[in-house]
Amino acid sequence: MDSPPPATGFDLILASASPRRRRLIALLGLPARQMTADVDEESVAIPDPARNVVETARLKAAAIARRLGPGTAIIIAADTTVALDGEMLNKPVDAADARRMLHRLRGRIHQVHTGIVLWRTDTGAVITDVATVDVPMRHYGDEEIETYVATGDPLDKAGAYAIQHPVFRPALALAGCYAAVVGLPLCHLARALWRWGVPADPAVAVHCQAHHGYNCPVFATILPASPGQAI
C-alpha cells in the first residue's frame, strides 16, 4: 500500500537522534518530534548499498511503529552510507578506522546513498526512496587527516567525514543533492510527503540551498512543479 487517503491531524516523527537531521527536517516547515530507534543496523546484510540503506531505514521505522502502536503518526526514518567501489564504509569503529577510511577516500570519487522510509501508523502504508550522490574528494594531506580525526567528528559519520565540516571541507565541487550527503534528502522527502497530502513547504529547495550555501543543480529534477502533482 502506498496511496492511502491524505494524512490530516498527523504526528510527524523523525526516527533519529541526529541533530543534523533535526535541523534539516525543520526546513520542511512542519512540526516534528524525534524518537530514537534502538535497532541493530548491522543485522541488515544486503551488500547493495542503495538497497541496504532503504532496508536499514525500514528497520528503524518499524521499531518506532511497534512502540507507538496504531494512531495517526507518520514516521520518517533515514539511513546513510558511503560506498567506495561498491564497498560500504559506515561509521568508523575508532580513530584508526576513521583514519583508514579518509586515506582511502582521498582524491577519489565515491557515492553517498541515503535511503528514506515513510511509515503511516494508521494504515501501515510505506513509501521508500533513495538518493545517490557522487562525491569527489580533494587531495587533503596527512596532517589534515590527523587534525580532523583528533576532533572526534568522524566517529559518528558514515565514511568518517562530514561534508559540511567548516574546517576540514573534504569534498570538491558537488553536482548532486547536498542534503542527501548530510543525511536527509529534503526534496525526496517533501515529494513523498506530498503524495500523502502532507503540506511540506513548497519552497523547501530554496530553504535547503540557503541553509547550506549551495546552489543545487538537481532539485528541479526531483520535485514536481507543485505539491498537487506529486504521485
Side-chain angles (χ1 to χ4, degrees), residues 1-2 4 7 10-28 30-83 88-93 111-133 154-164 177 179-196 198 200 204 208:
M1 297 170 59
D2 63 0
F10 61 91
D11 182 17
L12 196 64
I13 295 172
L14 177 62
S16 171
S18 166
R20 299 179 300 280
R21 289 188 174 127
R22 182 183 67 241
R23 288 190 291 268
L24 287 176
I25 202 168
L27 300 177
L28 292 172
L30 297 169
R33 62 189 178 99
Q34 289 181 278
M35 294 180 67
T36 301
D38 185 15
V39 299
D40 178 12
E41 298 182 22
E42 298 300 321
S43 67
V44 180
I46 299 171
D48 179 355
R51 289 181 54 215
N52 187 287
V53 290
V54 170
E55 292 309 309
T56 303
R58 191 193 302 270
L59 185 69
K60 297 175 184 179
I64 298 296
R66 286 192 296 271
R67 285 166 57 188
L68 291 175
T72 56
I74 294 178
I75 302 163
I76 297 171
D79 189 67
T80 301
T81 194
V82 165
M88 286 182 286
L89 305 180
N90 293 314
K91 296 175 183 177
V93 297
Q111 289 70 47
V112 172
H113 304 274
T114 295
I116 59 170
V117 170
L118 283 71
W119 184 307
R120 281 183 58 161
T121 59
D122 58 345
T123 63
V126 171
I127 294 175
T128 67
D129 205 348
V130 62
T132 297
V133 183
L155 296 181
D156 68 339
K157 312 291 192 303
Y161 75 90
I163 191 172
Q164 73 275 20
C177 175
V181 182
V182 177
L184 193 66
L186 290 178
C187 290
H188 294 74
L189 180 53
R191 180 176 64 186
L193 288 168
W194 290 344
R195 286 176 58 185
W196 283 346
V198 179
V204 61
C208 184

Trainee: If every non-hydrogen atom of Ala15 is compared with every non-hydrogen atom of Ala77, which pair is closest and at what distance?
Mentor: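 Smallest heavy-atom distance, with atoms named: CB-CB, 4.0 Å.
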Trainee: Return the set of residues passing side-chain contact (heavy atoms from CB on, under 4.5 Å) with Ala26 (not counting sequence neighbours), or none when no residue passes.
Mentor: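 With neighbours one apart ignored, the set is empty.
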Trainee: Please confirm whether the backbone N or O of Val44 pairs with a side-chain atom of Asn52, one donor and one acceptor, at under 3.5 Å?
Mentor: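 Pair found, side chain donor or acceptor close to backbone of Val44.
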Trainee: So, taking the atom named CD1 in Ile74 and the one named CG in Asp122, what distance separates them when rounded to the nearest 0.5 Å?
Mentor: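 Going from the CD1 atom of Ile74 to the CG atom of Asp122 covers 7.5 Å.
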Trainee: Which heavy atom in Leu89 sits nearest to a heavy atom in Thr81, and how many Å separate them?
Mentor: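 Leu89 and Thr81 have their closest heavy atoms at O-OG1, 3.9 Å.
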Trainee: Say you draw a straight line from CG of Asp38 to CZ of Arg67; how long is it, rounded to the nearest 0.5 Å?
Mentor: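 Those atoms lie 8.0 Å apart.
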Trainee: What is the distance from atom CG of Leu193 to atom CD1 of Ile127, rounded to the nearest 0.5 Å?
Mentor: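 It is 7.5 Å, given to the nearest 0.5 Å.
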Trainee: Mind checking what makes side-chain contact (heavy atoms from CB on, under 4.5 Å) contact with Thr128, not counting sequence neighbours?
Mentor: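 Once residues adjacent in sequence are excluded, the partners of Thr128 under the side-chain contact (heavy atoms from CB on, under 4.5 Å) criterion are Val54, Arg58, Val117, Val126.
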Trainee: Taking side chain as C-beta onward, heavy atoms only, is Arg21 less than 4.5 Å from Ile76?
Mentor: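 No, side chains not in contact.
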Trainee: Would you check if Val181 and Tyr161 make a side-chain contact, meaning some heavy-atom pair closer than 4.5 Å?
Mentor: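 A side-chain contact exists here, since the closest heavy-atom pair is under 4.5 Å.
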Trainee: Where do Leu28 and Leu189 come nearest, in terms of heavy atoms and distance?
Mentor: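 Of all heavy-atom pairs spanning Leu28 and Leu189, the closest is CD1-CD2, 3.6 Å.
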Trainee: Could you tell me which residues satisfy side-chain contact (heavy atoms from CB on, under 4.5 Å) with Ala131, sequence neighbours excluded, listed by chain and number?
Mentor: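 Ala131 satisfies side-chain contact (heavy atoms from CB on, under 4.5 Å) with Ala180, Pro185, His188 only.
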Trainee: Might you point out which heavy atoms bring Ala32 and Ile25 nearest each other, and give the distance in Å?
Mentor: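 Looking at all heavy atoms of both residues, the closest pair is CB-CD1, 4.3 Å.
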Trainee: Do Val53 and Thr114 come within less than 4.5 Å of each other through their side chains, counting heavy atoms only?
Mentor: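 In short, these two side chains do not touch, never coming nearer than 4.5 Å.
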Trainee: Judged by atom type as modelled, is there a donor-acceptor pair below 3.5 Å linking the side chain of Trp119 to the main-chain atoms of Ala62?
Mentor: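 No, because the side chain of Trp119 does not come within donor-acceptor range (under 3.5 Å) of the backbone of Ala62.
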Trainee: Quick one: pull up CG in Leu184 and CG in Leu24 and give me the separation to the nearest 0.5 Å.
Mentor: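 So the gap between those two atoms works out to 5.5 Å.
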Trainee: Could you tell me the separation between the CD atom of Glu55 and the CG atom of Asp48, rounded to the nearest 0.5 Å?
Mentor: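 Result: 10.5 Å between the selected atoms.
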Trainee: If only atom types and distance count, is the side chain of Lys60 paired as donor or acceptor with the main-chain N or O of Val39 below 3.5 Å?
Mentor: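 Checking the backbone N and O of Val39 against the side chain of Lys60, no donor-acceptor pair under 3.5 Å is found.
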Trainee: How close do Ser18 and Gln34 get, heavy atom to heavy atom, and via which atoms?
Mentor: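 Where Ser18 meets Gln34 most closely, the heavy atoms are O-NE2, 3.2 Å.
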Trainee: Kindly give the heavy-atom pair with the smallest separation between Ala61 and Ile75, and that separation in Å.
Mentor: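 The answer is O-CD1, 3.7 Å.
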Trainee: Is the shortest side-chain heavy-atom distance between Val198 and Leu118 below 4.5 Å?
Mentor: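 Val198 does not reach Leu118 side chain to side chain.
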Trainee: Roughly how far, to the nearest 0.5 Å, is the CG atom of Leu14 from the CE atom of Met35?
Mentor: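 That separation rounds to 11.0 Å.
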Trainee: Any side-chain heavy atom of Arg33 sitting closer than 4.5 Å to one from Asp11?
Mentor: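 Side chain of Arg33 against side chain of Asp11, heavy atoms only: contact under 4.5 Å found.
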Trainee: Using a 6.0 Å cut-off, check whether atom CG of Asp40 has over 12 heavy atoms from anything other than its own residue.
Mentor: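 Buried by this count: over 12 neighbours within 6.0 Å.
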Trainee: Do Pro92 and Leu155 make a side-chain contact, defined as non-hydrogen atoms from C-beta onward lying under 4.5 Å apart?
Mentor: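 Side-chain contact under 4.5 Å: yes.
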Trainee: Salt bridge check, Arg20 against Asp156: does any charged N sit closer than 4.0 Å to a carboxylate O?
Mentor: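 Looking at Asp156 and Arg20, the cut-off is met.
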